[in-house]
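Data first, discussion second: the structure below is written as structure tokens.
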Amino acid sequence: MAPGIPAALERPHFIGIGGAGMSGIAKILAQRGAKVAGSDAKESATAEALRALGATVHIGHAAGHLADDASCVVVSSAIRPDNPELVRAAELSVPVVHRADALASLMDGLRAIAVAGTHGKTTTTSMLAVALSGLGLDPSYAIGGDLEGPGTNAAHGEGDLFVAEADESDRSFQKYAPRVAIVLNVELDHHANYASMDEIYESFETFTGRIVPGGTLVVSADQGGAVELTRRVRGREGLQVVTYGEAEGADVRVHKITPRGLTSEVTVVLDGRYLTFTVSVPGRHYALNAVAALAAGVALGVPAHNLASALGTYTGVKRRLQLKGEAGGVQVIDSYAHHPTEMAADLEAMRGAATGSRLLVVFQPHLFSRTQELGTEMGQALALADASVVLDIYPAREDPVPGVTSALIIEAAQAAGADVTAVHDKAAVPAAVAGMARPGDLVLTMGAGDVTDLGPRILDHLSN
């Protein structure tokens, strides 16, 4: 039932093919039969997975990696104009396609669900992909993280549904035309691209304006920015608005969330009836993500009780409170949280699971621009931990900003009463954490950069 390959994407070349967003599109194209090629900065499990699907993956960036017969070059906003493969594409007059345009073309002809919001996108998209797959609907999906079960971030399905994470960071989510859009929250972030909340609201309004006529917006009734967005778009002709959350007037109202260790039991009121189901990951915010997924599936005609049961089979996404292991009586868990709201939510979830135990955090700030704008809030969030180690800023695509360092976070954390230690040498962190930890503690590695690499090394030191 799913469509074939758009002509422009028959022989695509991806610059940065190993990235979470890029690799998902490349995998789907390869599974549909396209001749996929690309390059990435270093070897990875993702590169190997792409090769297993028949893709050609070069390591490093060089003009010679771009084949003369490439039908297009796919890029993300992170690719710089002087990239040698992008320069070579211009010399060969090979069309350049943005990642979001490529993903949008893969959705053509399918009933798409696009999940947007400052945080929670990956989890909610994953919950839907797992639940719909479990119900035999065989959706296609493209997610910003690898599912624990299938171990992949994307798949081509034979059904008529396509579930996609919609990235607001560079406004690229405005290119999609979903049947159902989910907006989990609207907050100030991505400071390199948005100067104010007004710009962010305008961007989300444009995104919701792309919902196909007769389609549905599923939006939080609890989060202030989402409530304001609802006020701005409610009443649009041809748009159904379904609110969800703990607010009294929510269309899908959360009646109760009951923590049960590393899971939760959720009861919602839907069409006047109570429905209770299990969410197999800890924390109130993940329970609310599951309710958003439930509301979206119901909007597409999936029976609520079937979908609720299937949502209970979701076991997580890599880097979203992922248990990395246990050694010396200490559990090490990995979190992708890098925005203060995400940090606080994950820390509160872990605090709830760490009854009678200490919570130790290894935090790596992500991006100079984000730290400059939100460093104080990051530090305040770390006060929820018993003790924290803070690394230097992970720059990703950004150049350093004078005067912006992780010291901004550390000073704010200390002012909030937190026990914080700065460690500038990442290689020294495992020994430092092993020296701090004692049996029964939870250690949380947190951030969107390469802090995730430290989990196994901390476990090694704890074992020794």
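Since the model is a prediction, treat every value here as computed from it, not as a measurement.
By the 4.5 Å heavy-atom criterion applied to side chains, L29 and F14 are counted as neighbours. Side-chain contact check for Y244 versus L294: every heavy-atom pair is 4.5 Å or farther apart. Within the 4.5 Å cutoff, no side-chain heavy atoms of L86 are placed close to those of H61. Two residues are said to be in side-chain contact when any heavy atoms from C-beta on lie closer than 4.5 Å; L128 and I182 meet this criterion. With a 4.5 Å cut-off on side-chain heavy atoms, M197 and Y201 count as touching. Side-chain atoms of I143 and E165, non-hydrogen and from C-beta on, do get closer than 4.5 Å to each other. Put simply, the side chain of I25 does not reach to within 4.5 Å of the side chain of V74, judged on heavy atoms. You'll find the side chain of L300 stays beyond 4.5 Å of the side chain of L132, heavy atoms only.
Without hydrogens or angle criteria, E205 side chain to R232 main chain gives no donor-acceptor distance under 3.5 Å. In this structure, the side chain of R370 does not engage the main chain of H339 through any donor-acceptor pair within 3.5 Å. No donor-acceptor pair closer than 3.5 Å links the side chain of E187 to the backbone N or O of T118. Between the side chain of E43 and the backbone N or O of I59 there is no donor-acceptor pair closer than 3.5 Å. A donor-acceptor pair is defined here as one N or O able to donate and one able to accept, closer than 3.5 Å; no such pair exists between the side chain of T243 and the backbone of S220. Judged by distance alone, the side chain of N185 and the main-chain N or O of G225 form no donor-acceptor pair under 3.5 Å. Formation of a donor-acceptor pair under 3.5 Å by the R88 side chain with backbone atoms of L66 is not found in this model. Q223 contributes a side-chain N or O that, together with a main-chain N or O of V186, makes up a donor-acceptor pair within less than 3.5 Å. Side chain of R51 to main chain of V57: a donor-acceptor pair is present (N/O by atom type, distance under 3.5 Å, no hydrogens or angles). Checked by atom type and distance alone, the side chain of S71 pairs as donor or acceptor with a backbone atom of R11 at under 3.5 Å.
To the nearest 0.5 Å, atoms CZ (F363) and CE (M343) are separated by 3.5 Å. Rounded to the nearest 0.5 angstrom, L408 CG and F368 CZ are separated by 11.0 Å. Note that CG of L288 and NE2 of H285 are 9.5 Å apart. Values are rounded to the nearest 0.5 Å. Atoms CD1 and OG1, on I393 and T371 in that order, are 4.0 Å from each other to the nearest 0.5 Å. Between the CG atom of L53 and the CZ atom of R32 there is a distance of 14.0 Å, given to the nearest 0.5 Å. Annotation: the span from S44 atom OG to L50 atom CG amounts to 7.5 Å, rounded to 0.5 Å.
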Open item on the list: Please evaluate residues K175 and L103 with respect to the criterion side chain to side chain contact (heavy atoms under 4.5 Å, CB included), reporting the C-alpha separation (whole Å), side-chain torsions for both, the decisive distance (0.1 Å), and the verdict.
Closed with: CA-CA 9 Å; K175 298 177 182 290; L103 181 56; over 6 Å; no
Open item on the list: Could you go through R284 and S264, starting from their C-alpha distance and side-chain angles, then the distance that decides it, and tell me whether this counts as side chain to side chain contact (heavy atoms under 4.5 Å, CB included)?
Closed with: CA-CA 8 Å; R284 173 180 168 276; S264 298; over 6 Å; no
- [ ] Could you give me the CA-CA distance, side-chain angles and deciding distance for D450 and R457, then say whether salt bridge (Lys or Arg N to Asp or Glu O under 4.0 Å) is met?
- [x] CA-CA 13 Å; D450 58 6; R457 299 177 197 172; over 6 Å; no
- [ ] In sequence, state the C-alpha distance, the side-chain angles, and the governing distance for Y176 and I113, and then conclude on side chain to side chain contact (heavy atoms under 4.5 Å, CB included).
- [x] CA-CA 10 Å; Y176 309 138; I113 308 171; over 6 Å; no
TODO: Take Y336 and T122 through the test side chain to side chain donor-acceptor pair (under 3.5 Å) and record every step on the way to the result.
DONE: CA-CA 10 Å; Y336 187 71; T122 297; over 6 Å; no
Open item on the list: Using the rule given for side chain to side chain contact (heavy atoms under 4.5 Å, CB included), can you reason through Y314 versus T123, listing the C-alpha separation, both sets of side-chain angles and the distance that settles it, and then say yes or no?
Closed with: CA-CA 10 Å; Y314 167 82; T123 297; 3.7 Å; yes
- [ ] Take H65 and T56 through the side chain to side chain donor-acceptor pair (under 3.5 Å) test and state the conclusion after the steps.
- [x] CA-CA 10 Å; H65 291 163; T56 300; over 6 Å; no
TODO: Test R351 against E348 for salt bridge (Lys or Arg N to Asp or Glu O under 4.0 Å), laying out the working first.
DONE: CA-CA 5 Å; R351 172 62 68 203; E348 286 170 357; over 6 Å; no
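Looking at every heavy atom in both residues, A413 comes nearest to L382 through CB-CB, 4.4 Å. Minimum heavy-atom separation, I28 to A142: CD1-CB, 4.3 Å. Contact record, L135 with A310: CG-CB, 3.9 Å, taken as the closest heavy-atom pair. Across all their heavy atoms, A177 and V212 have their closest contact at O-CG1, 3.6 Å. When every heavy atom of A418 is checked against every heavy atom of A383, the shortest pair comes out as CB-CA, 3.7 Å. Listed here is the closest heavy atom pair of A292 and T124: CB-CG2, 4.3 Å.
A side-chain donor-acceptor contact under 3.5 Å links T208 and R236. Between the side chains of D167 and S172, no donor-acceptor pair is found at a separation under 3.5 Å.
Evaluated for a side-chain contact (heavy atoms from CB on, under 4.5 Å) with I333, the options K324, M350, Q322, M446 yield exactly one hit, M350.
For F173 and F204, the distance between ring centers is under 6.0 angstrom.
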